[in-house]
Amino acid sequence: MSLHEGELHKLIDCIVTSHYDDCLDCETCARELDCLAERVAMGAKINDLLPEVATHLCCCRDCFEEFEALVAILRAENSGQLDGIG
Amino acid sequence: MIDRTNEQWLADLTGKPDVQAPALEDLRYRLQRGIFYYLSRERSDLTHLSGQELGQMAEDLAQDATLRVMDNLDSFRGDSRFTTWATKIAVRLAISDLRRSRYKDFSLDGLTAEGEVLPSAGDTFPTHTAPTPENATERADVMMKIERALREALTERQYQALSAVALQDVPLEIVAERLGTNRNALYKLLHDARRKLRQHLEAQGLSTDYMLKLFEE
């Protein structure tokens with residue numbers, strides 16, 4: 001095994017973002033995602049709404065990717081950008 | 001397309017065929033628009049596809065997503081708009097599909113603490129962060145300790161998962177499938193692995209602040 005320095009950076013980042021408290025899992029995060037995304041798409045900050053979900057999103061790329069996608073679609077919908085599609 | 005309240009969506013989608021059919025079509029159309037927007041505007045990895053190809057993808061995904069929404073109607077809690085909840089399901093389905101396609105050949109074979117971690121792109125420091133000789137020695141020492149910590153603190157399964165997710169940026173969903181588990185269980189396994197690694201390193205006097213500073217200098 002030999003770590004490259006680029007990989008080392010990723011590893012350190014991953015250790016730094018780990019949290020000691022009880023972690024919220026992906027299923028629980030997913031349950032909150034629609035409500036949270038709606039409010040974030042309207043301009044609210046995640047940390048002000050559900051900090052524990054925000055912590056999970058920092059540590060879980062999969063959930064974060066899905067959250068960002070949902071927010072992007074909602075913002076497009078709110079601004080009328082979806083009207084010309086389809 | 002009719003604007004419906006959450007209650008109307010649920011009533012129409014579970015109503016008689018003459019009520020259900022247009023509601024299903026409205027739902028499918030809404031999901032298709034959202035997915036098409038996401039694929040065409042938010043995915044830089046799909047820019048090589050034509051509008052027609054993306055349109056077909058969006059149509060197929062929306063069809064599948066509509067079925068999945070119908071299968072999960074009972075779990076809608078009403079915390080958000082119904083269409084947001086349905087879009088959440090569609091987004092997850094679309095992204096899962098894209099992940100599976102991208103990582104269809106990914107294997108965990110060879111990701112062992114005794115084997116070689118796959119080489120990654122950009123594994124050299126940019127010139128402006130090149131270490132001094134003293135710093136380079138210190139970094140090499142810390143790297144050795146980290147590599148030892150990976151071998152000593154983690155189980156083989158934790159090592160494989162952490163290597164794939166943290167070092168190779170493979171989605172949890174894909175790694176979970178390869179490990180024969182689910183994303184939730186894998187997240188917990190990774191969480192434990194990160195904590196163990198952090199505690200192991202801290203016990204040797206290697207705090208995350210110290211490592212960050214050392215490798216950022």
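Protein chains get the first letters and strands the later ones, always in sequence-line order, with residue 1 at the start of each. Heavy atoms only: backbone and side chains are in, while hydrogens, waters and symmetry mates are out.
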Note to self: Y187(B) vs C29(A), test: side chain to side chain contact (heavy atoms under 4.5 Å, CB included). Steps then yes/no.
What the structure shows: CA-CA 12 Å; Y187(B) 181 79; C29(A) 177; over 6 Å; no
Check: Going from CD on E66(A) to CG on L93(B), what distance comes out if it is rounded to the nearest 0.5 angstrom?
Finding: 10.5 Å
Note to self: What I'd like to find out is whether the side chain of R194(B) reaches to under 4.5 Å of the side chain of C14(A), using heavy atoms alone.
What the structure shows: yes
Next item on the list: Step by step, work out the side chain to side chain contact (heavy atoms under 4.5 Å, CB included) result for Q168(B) and K10(A).
Entry: CA-CA 9 Å; Q168(B) 297 190 38; K10(A) 288 182 180 177; over 6 Å; no
Next item on the list: Quick one: which of R77(B), E59(B), K188(B) has the most heavy-atom pairs under 4.5 Å with chain A, could you say?
Entry: R77(B)
Check: Do the side chain of D34(A) and the main chain of T84(B) share a donor and acceptor less than 3.5 angstrom apart?
Finding: no
Next item on the list: Examine whether an atom of N182(B) lies under 4.5 Å from a heavy atom of chain A, and if so say whether it belongs to the side chain, the backbone or both; otherwise answer neither.
Entry: neither
Check: Do the side chains of H191(B) and D25(A) get nearer than 4.5 Å, heavy atoms only?
Finding: no
Margin query: Please classify the contact between A30(A) and chain B as side chain, backbone, both or neither, with a heavy-atom cut-off of under 4.5 Å.
Written below: both
Item checked: Residue part contacting chain A, namely of E173(B), when any heavy atom lies under 4.5 Å -> both
Notebook entry, point to check: Highest number of heavy-atom pairs under 4.5 Å with chain A: which of L201(B), L186(B), D169(B)?
Noted result: D169(B)
Note to self: Less than 4.5 Å to any heavy atom of chain A: does that hold for the side chain of I95(B), its backbone, both, or neither?
What the structure shows: side chain
Next item on the list: Report the option among R81(B), M211(B), R30(B) that has the most heavy-atom pairs separated by less than 4.5 Å from atoms of chain A.
Entry: R81(B)
Next item on the list: Kindly give the heavy-atom pair with the smallest separation between P171(B) and D62(A), and that separation in Å.
Entry: CA-OD1, 3.4 Å
Next item on the list: Under 4.5 Å heavy-atom distance to chain A, tell me which part of L162(B) shows up: side chain, backbone, both or neither.
Entry: side chain
Note to self: Looking at chain A, which one of N184(B), V91(B), D209(B), D79(B) has the largest number of heavy-atom pairs inside 4.5 Å, strictly under?
What the structure shows: N184(B)
Item checked: Interchain contact, V175(B) with chain A, by part (heavy-atom threshold 4.5 Å) -> neither
Notebook entry, point to check: Please walk me through it: do T87(B) and E77(A) pass side chain to side chain contact (heavy atoms under 4.5 Å, CB included)?
Noted result: CA-CA 11 Å; T87(B) 303; E77(A) 187 178 25; 5.8 Å; no
Check: Measuring from L82(A):CG to Y37(B):OH, what's the distance to the nearest 0.5 Å?
Finding: 7.5 Å
Notebook entry, point to check: Any side-chain heavy atom of R183(B) within less than 4.5 Å of one from E27(A)?
Noted result: no
Item checked: Toward chain A, the part of V142(B) with a non-hydrogen atom under 4.5 Å -> neither
Check: With the threshold set at 4.0 Å, does a side-chain nitrogen-carboxylate oxygen contact exist between R99(B) and E65(A)?
Finding: yes
Next item on the list: Hey, could you give me the CD/OH distance between E68(A) and Y38(B), rounded to the nearest 0.5 Å?
Entry: 8.5 Å
Checklist line | Side chain, backbone, both or neither of R31(A) within contact of chain B (heavy atoms, under 4.5 Å) | finding: both
Next item on the list: Report the C-alpha distance between I73(A) and I35(B) in whole Å, list the side-chain angles of each, state the deciding distance to 0.1 Å, and finish with yes or no for side chain to side chain contact (heavy atoms under 4.5 Å, CB included).
Entry: CA-CA 8 Å; I73(A) 293 171; I35(B) 294 170; 5.7 Å; no
